[in-house]
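See structure below.
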There are 2 protein chains.
Amino acid sequence: MDSESGEAFPASIEAAWGLRERPHKGPKRGLTLERIVSAAVKVADEDGLDAVSMSRVGNELGSSTMALYRYLATKDELLTLMLDAAVGPPPPLPEGLGWRRGLESWATSMRAAILTHPWTVHLLMPKGPPATPNQLAWLDQFLRILQDTGLPVSAKLATQLLISGHVWSHVSITAAITLDTEPGSLRRWSEYEPFLRRVTGGGRLPGLRAALDEGAFGADPGAPDDHFVFGLERALDGIEAHIRSLR
Amino acid sequence: MDSESGEAFPASIEAAWGLRERPHKGPKRGLTLERIVSAAVKVADEDGLDAVSMSRVGNELGSSTMALYRYLATKDELLTLMLDAAVGPPPPLPEGLGWRRGLESWATSMRAAILTHPWTVHLLMPKGPPATPNQLAWLDQFLRILQDTGLPVSAKLATQLLISGHVWSHVSITAAITLDTEPGSLRRWSEYEPFLRRVTGGGRLPGLRAALDEGAFGADPGAPDDHFVFGLERALDGIEAHIRSLR
DNA sequence: GCAATACCGCGTATGTAATACGCAGAAGAG
DNA sequence: CTCTTCTGCGTATTACATACGCGGTATTGC
């Protein structure tokens, strides 16, 4: 009954939605997309994203490298599904919060979900419009939170762009600063302030220099959490004013 | 005279700042970091980021693959410098704009700079705190724009996080939707709306479904530009209210 | 029942990268 | 003039993703 247009998105994504339940002829399938993805997530949790190779994931399942390609067309699809699985669905929203508290909760939960599996940060760059189940579930929840605000749809989507961009930006910086303490790209936080002092010498970059002298980039890189809240609240203030202005 | 701490950041970044001018003994150097980076940028402009391999860049310079490693420790450093070079310095800021117009201009310029070389989108994920000259120049300009607002430094930085996150998020989505029309990951925009209708069937994802029925995801993917402006203005509204409240 | 068919897991092979290592020659230092 | 330090670069290693095809299996049409 479906039109034959079902080829628009990769088969693995269709499969993740539970569509595409082919009645099949050949031997029984030994694996499941779900099992593959969760094995890959486990590898990433344990040994980092770089450890996720097709052969490693195959081994983890007691299977071979190439068997996975019966379920996935490319590694990229695996990564997309890993992100979806690791972030998971949005936690259920308490009723009657009001849109503002709702969005605060949404943003905070998303940030937490991402940082639970730090490697997801490296997968946030979208490879296309959101299409996986959990990703769309988050979007859906966002839109439901704004349901009764009277905002037009396009404003709701634009709001989502702003808020999720903020989350994204925040987790990326956080990960880059606090988590990537690999000796390869040294860049230890403690070296950062002296470095900035050095390059802002001789009157270069006066704005930055002034910030340094006011104590930005001080000891504690935990400040980013405050930055997160600050930016979120300012954004919500702006949205709130706009919603009020619509009446 | 420098303390011996100069090893905090990769040598190539130090070199990009013009520090590290070693008086050298051996043969004259045949290349320059600058030439390498601009050759790499040229390759990316012509054939995409995936075409940028060490050997390809070497060839482009009439040199060998391994010669590059006298200037760069890893390919990652090359990518970092490519981003810096492609984005370039911020355009000079008109005087007397006021902070709000200033930030609008900053955000718009940054968006334009990134989209001038679409491949830069894939390099935006930070690998550490910003350290390259142009990157810091943008940050510097941002801070100077906020100079007379009375905001504490940490609020200025948090504001930068919010605004740049918005730019980032916007260009990423834009690139993912409009530019990645590779047949590999099909996902043509025109297939997106039908896809969403399919997965929101049966009462699933009601928020999304409502948005669909209101005409979101309609024909024209040029709407993201309006989304960009909307989000930016809301954010600035919030900042403005906050600045006012400080008096 | 039975053959044809479509699909399974997976071994093998290919191609492309990044990059470690070491050599031979060049140029400034003493 | 020799020693040291640095150069460009050839070679070799390692690690992947993934194309291709084989031999076997379970379902389907007769």
Side-chain angles (χ1 to χ4, degrees), chain A residues 10-12 14-15 20-37 39-40 43-44 47-82 122-123 127 182-185, chain B residues 10-12 14-15 20-33 35-37 39-40 43-44 47-82 119 122-123 127 182-185:
Chain A
S12 63
E14 308 260 339
R20 289 294 177 90
E21 297 290 340
R22 309 169 263 197
H24 60 221
K25 252 181 171 172
K28 281 169 194 160
R29 314 196 92 183
L31 295 174
T32 317
L33 242 197
E34 223 175 40
R35 282 188 59 212
I36 294 173
V37 172
V43 170
D47 294 338
L49 196 56
D50 288 344
V52 177
S53 67
M54 297 305 265
S55 74
R56 170 74 185 272
V57 174
N59 280 352
E60 212 75 14
L61 292 163
S63 184
S64 80
T65 304
M66 294 309 291
L68 307 183
Y69 284 96
R70 294 283 179 193
Y71 301 81
L72 298 157
T74 66
K75 184 184 180 179
D76 236 53
E77 293 185 14
L78 175 58
L79 294 175
T80 298
L81 294 173
M82 283 173 68
H122 301 290
L123 300 177
K127 304 189 202 317
E182 308 144 37
S185 58
Chain B
S12 64
E14 309 261 338
R20 290 292 177 92
E21 297 289 341
R22 309 169 264 199
H24 60 219
K25 248 182 175 174
K28 281 169 194 160
R29 316 195 90 184
L31 295 174
T32 317
L33 241 198
R35 280 187 62 211
I36 294 173
V37 171
V43 170
D47 294 338
L49 195 56
D50 288 345
V52 178
S53 68
M54 298 303 267
S55 72
R56 170 75 185 273
V57 174
N59 281 353
E60 212 76 14
L61 291 163
S63 185
S64 80
T65 304
M66 293 311 292
L68 308 183
Y69 284 96
R70 293 286 178 194
Y71 301 80
L72 298 157
T74 66
K75 185 184 180 180
D76 235 54
E77 294 185 14
L78 175 58
L79 294 175
T80 298
L81 294 172
M82 284 173 68
W119 48 267
H122 300 291
L123 301 177
K127 303 188 202 319
E182 308 146 36
S185 60

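The nucleotide whose nearest atom lies closest to any side-chain atom of A/T74 is, among D/dT18, C/dC8, D/dT7, D/dT18. Comparing atom distances between the A/K75 side chain and each of D/dA17, C/dA18, C/dA29 picks out D/dA17 as nearest. The B/K25 side chain lies nearest to D/dT5 when the options are D/dG8, D/dT5, C/dA26.
Atom-to-atom, CG of B/L72 to C1' of C/dA17 comes out at 16 Å; the value is rounded to the nearest Å. When the P atom of D/dC6 is taken as reference, atom CG of B/L31 falls 18 Å away, rounded to whole Å. Computed from coordinates, the A/D50 CG to C/dT19 C1' distance equals 15 Å when rounded to whole Å. What separates CG of B/L78 from P of C/dA17 is a distance of 14 Å, to the nearest Å. Distance A/R56 CZ to D/dC16 C1': 15 Å, rounded to the nearest Å. Per the geometry, CE belonging to A/M54 stands 10 Å off P belonging to D/dA19, to the nearest Å. Distance B/D76 CG to C/dA18 C1': 11 Å, rounded to the nearest Å.
Residues B/M82 and B/A44 approach most closely at CE-CB, 3.8 Å, considering heavy atoms. When every heavy atom of A/E77 is checked against every heavy atom of A/P10, the shortest pair comes out as OE2-CB, 3.3 Å. Contact between A/L68 and A/M54 at its shortest, heavy atoms only, is CD1-O, 3.3 Å.
With hydrogens and angles ignored, the 3.5 Å screen pairs a side-chain donor or acceptor of B/T74 with a backbone N or O of B/D76.
Within residues 59-70 of chain B, the residues that place at least one heavy atom under 4.0 Å from DNA chain D are, in residue-number order, B/S63, B/S64, B/M66, B/A67, B/R70.
Within the structure, the side chain to side chain donor-acceptor pair (under 3.5 Å) test picks out the following pairs touching residues 58-73 of chain B (sequence neighbours left out): B/R56-B/E60.
Annotation: side chain of B/V52 is not in contact with side chain of B/D47 (no heavy-atom distance under 4.5 Å).
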